[in-house]
Amino acid sequence: MSEWTRGEIEVVEAAIEAAPSVHDTRPWTLQFHDAHGVSLFERWDRALPRHDPLGRDRLISCGAALENLLLAMRVLGWDPEVALSAAGADPDEVARIGVRGRREPSDVDVERYTAVSRRHSHRRPFAAARVAPAARHELVTASNTSGVEVRAVDGDDEIAVLAKVLSHAALALRMDRAYQRELSAWTAPRPGAAGVAEAPRRLATLPWAGLVRRSTAVPDVPTLARRLHRECLLLVETPDDGPLDHVRAGMAAQSTWLAATAAGLVGSMLTQPLQVREVRAGLIEGLALPGFPQALLRFGHPITDVATRDDSEEESS
Ligand SMILES: Cc1cc2nc3c(=O)[nH]c(=O)nc-3n(C[C@H](O)[C@H](O)[C@H](O)COP(=O)(O)O)c2cc1C
């Protein structure tokens, strides 16, 4: 098998850099091997002890990066083969990728790859038009990552459960000083460094604030439920809650997000509320989940310039 070219390495590295990650920590590093092999390692120096004491979000982030990496390799004409490392020689190695040979990328690969650089976290309201049920179904089935279920959160009862737990998590996290200190450290403006920008003050309210800070407004539960009703909400779920589940959840979340981007939708991923223990339990019980919730995805249509005024009027309703 031939060796990596400089150009191929650049394509793979750019795809990885464009992946979403918890607090934009980018907790991964790559090692390229002979014969088009590559390993993805997690970076413990990017740990978030308050937000993510178990490293769950770090591995979900690595899973999202892995999905981008595989997509880039397929678009380069390679047929990658992945071994997720449960207990490899190096405990930091998340995945080792080899190639079976050359293969033409599929149309879906090309479509999703072109979405890699367009995908961004959308922390603001969506346009008033809702995502159609058929389009939502496409998203629910967009990922074929084994061992991961992507399911819609829909209907009055489910939205009520979600609004209740999101509100509870927000109130708990807003009060947690050590948590907020860590969040601020990662979100303070540092040119050129990893980090995540704060939502504009007007939008610093749930659900569109994305990350709850000290100053985030928490609407009452019925208001939050009314806002959530307008969104396409998907829950990424795994049968177990171990490291491999987290990596796979990240892969599935990212392929779903790329499918949504390719379909012209915008969205964001939330795990912050799931870090509050009783929120996970509340979701498992309230939604009768057979597995463990790993991430919530919110999608909608972007607000176009023409629609901006009307939609922002509706926002405040
Ligand atoms: C595991 C994981 C958890 C995340 N949790 C949240 C969250 O709770 N709220 C949020 O607004 N964004 C969340 N994000 C999005 C990241 O903040 C975002 O990907 C990162 O800042 C990079 O920005 P981008 O998505 O625009 O490229 C999460 C991303 C990942 C991968």
Side-chain angles (χ1 to χ4, degrees), residues 14-28 40 42-43 46-48 50-68 94 115-125 148 162 165-166 169-170 172-174 179-180 182-190 193-200 203-213 216 231 233-236 238 241 243 245-258 260-261 265-276 279-280 283 292-299 302:
I16 286 269
E17 277 305 291
S21 61
V22 56
H23 294 12
D24 204 18
T25 48
R26 303 178 196 186
W28 53 68
L40 179 81
E42 72 174 307
R43 282 185 61 168
R46 300 276 169 100
L48 299 167
R50 290 301 302 190
H51 170 83
D52 188 28
L54 302 178
R56 189 187 275 127
D57 278 9
R58 195 167 58 243
L59 282 178
I60 295 177
S61 304
C62 288
L66 177 59
E67 189 65 27
N68 278 14
V94 173
V116 161
S117 57
R118 285 187 282 125
R119 182 219 56 82
H120 289 293
S121 294
H122 177 94
R123 297 192 186 88
R124 44 187 59 235
V148 186
L162 188 61
V165 297
L166 290 186
L173 292 168
R174 211 169 57 169
Y179 181 94
Q180 289 297 334
E182 182 184 83
L183 180 60
S184 304
W186 278 97
T187 54
R190 285 172 305 150
V196 47
E198 200 154 343
L203 302 175
T205 174
L206 292 188
W208 41 77
L211 285 164
V212 172
R213 299 159 196 272
T216 303
E231 306 195 342
L233 298 161
L234 306 179
L235 198 61
V236 179
T238 53
D241 198 25
D245 297 290
H246 304 148
V247 176
R248 290 193 182 110
M251 296 174 76
Q254 176 65 354
S255 52
T256 308
W257 200 343
L258 291 176
T261 307
L265 301 174
V266 289
S268 66
M269 167 149 148
L270 302 189
T271 64
Q272 191 195 41
L274 300 178
Q275 298 290 357
V276 178
V279 165
R280 291 184 157 244
L283 279 179
F292 292 82
Q294 301 295 354
L296 181 69
L297 298 169
R298 310 171 38 239
F299 295 116

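Just so you know, ligand 1 is whichever comes first in the structure, and atom 1 is the first atom listed for that ligand. Throughout, residue positions are numbered sequentially from 1 according to the sequence presented.
- Residue Pro273 has no nitrogen or oxygen atom sitting less than 3.5 Å from a nitrogen or oxygen atom of ligand 1, judged on distance alone.
- Those atoms of ligand 1 that come under 4.0 Å of a heavy atom in Ile60, given as number and element, are 1 (C).
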**Message:** Using side-chain hydrogen bond (donor to acceptor under 3.5 Å, both in side chains), reason through Arg298 and Ser268 one step at a time and then give a plain yes or no.
**Reply:** CA-CA 5 Å; Arg298 310 171 38 239; Ser268 66; 3.1 Å; yes
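- Contact annotation for Pro20 and ligand 1: heavy atoms of both the backbone and the side chain come within less than 4.0 Å of the ligand.
- Contact annotation: Arg119 has at least one heavy atom less than 4.0 Å from an atom of ligand 1.
- The residue from Gln294, Gln272, Met269 that puts a heavy atom closest to atom 6 (C) of ligand 1 is Met269.
- For ligand 1, the polar-atom distance check finds no N/O of Asp57 at less than 3.5 Å from any of the ligand's N/O atoms.
- Note on Asp241 versus Arg56: salt bridge recorded, some NZ/NE/NH1/NH2 to OD/OE distance being below 4.0 Å.
- Every N/O-N/O distance between Ala18 and ligand 1 stays at or above 3.5 Å.
- Checking side-chain atoms of His23 against main-chain N and O of Arg26 turns up no donor-acceptor pair under 3.5 Å.
- Using modelled atom types, no side-chain atom of Thr261 and backbone atom of Arg119 make a donor-acceptor pair closer than 3.5 Å.
- Near His120, the atoms of ligand 1 lying under 4.0 angstrom from a non-hydrogen atom of the residue are 26 (O).
- Taking distance alone, with nitrogen or oxygen atoms compared against 3.5 Å, Ser61 stays at or beyond that limit from ligand 1.
- For a threshold of 3.5 Å applied to N or O pairs, the pair formed by Trp257 and ligand 1 contains no separation below that value.
- Formation of a donor-acceptor pair under 3.5 Å by the Asn68 side chain with backbone atoms of Ala15 is found in this model.
- Among Ser121, Ala249, Ala64, the residue whose heavy atom sits closest to atom 23 (O) of ligand 1 is Ser121.
- The main-chain N or O of Val148 is never found under 3.5 Å from a side-chain atom of Arg248 such that the two would form a donor-acceptor pair.
- Side-chain polar atoms of Asp245 and Gln294 form no donor-acceptor pair below 3.5 angstrom.
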**Request:** Give the C-alpha distance, both sets of side-chain angles, the deciding distance and a yes or no for side-chain hydrogen bond (donor to acceptor under 3.5 Å, both in side chains) between Gln275 and Asp57.
**Result:** CA-CA 9 Å; Gln275 298 290 357; Asp57 278 9; 3.2 Å; yes
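- Close contacts of ligand 1 with Val196, meaning ligand atoms under 4.0 Å from a residue heavy atom, involve 21 (O).
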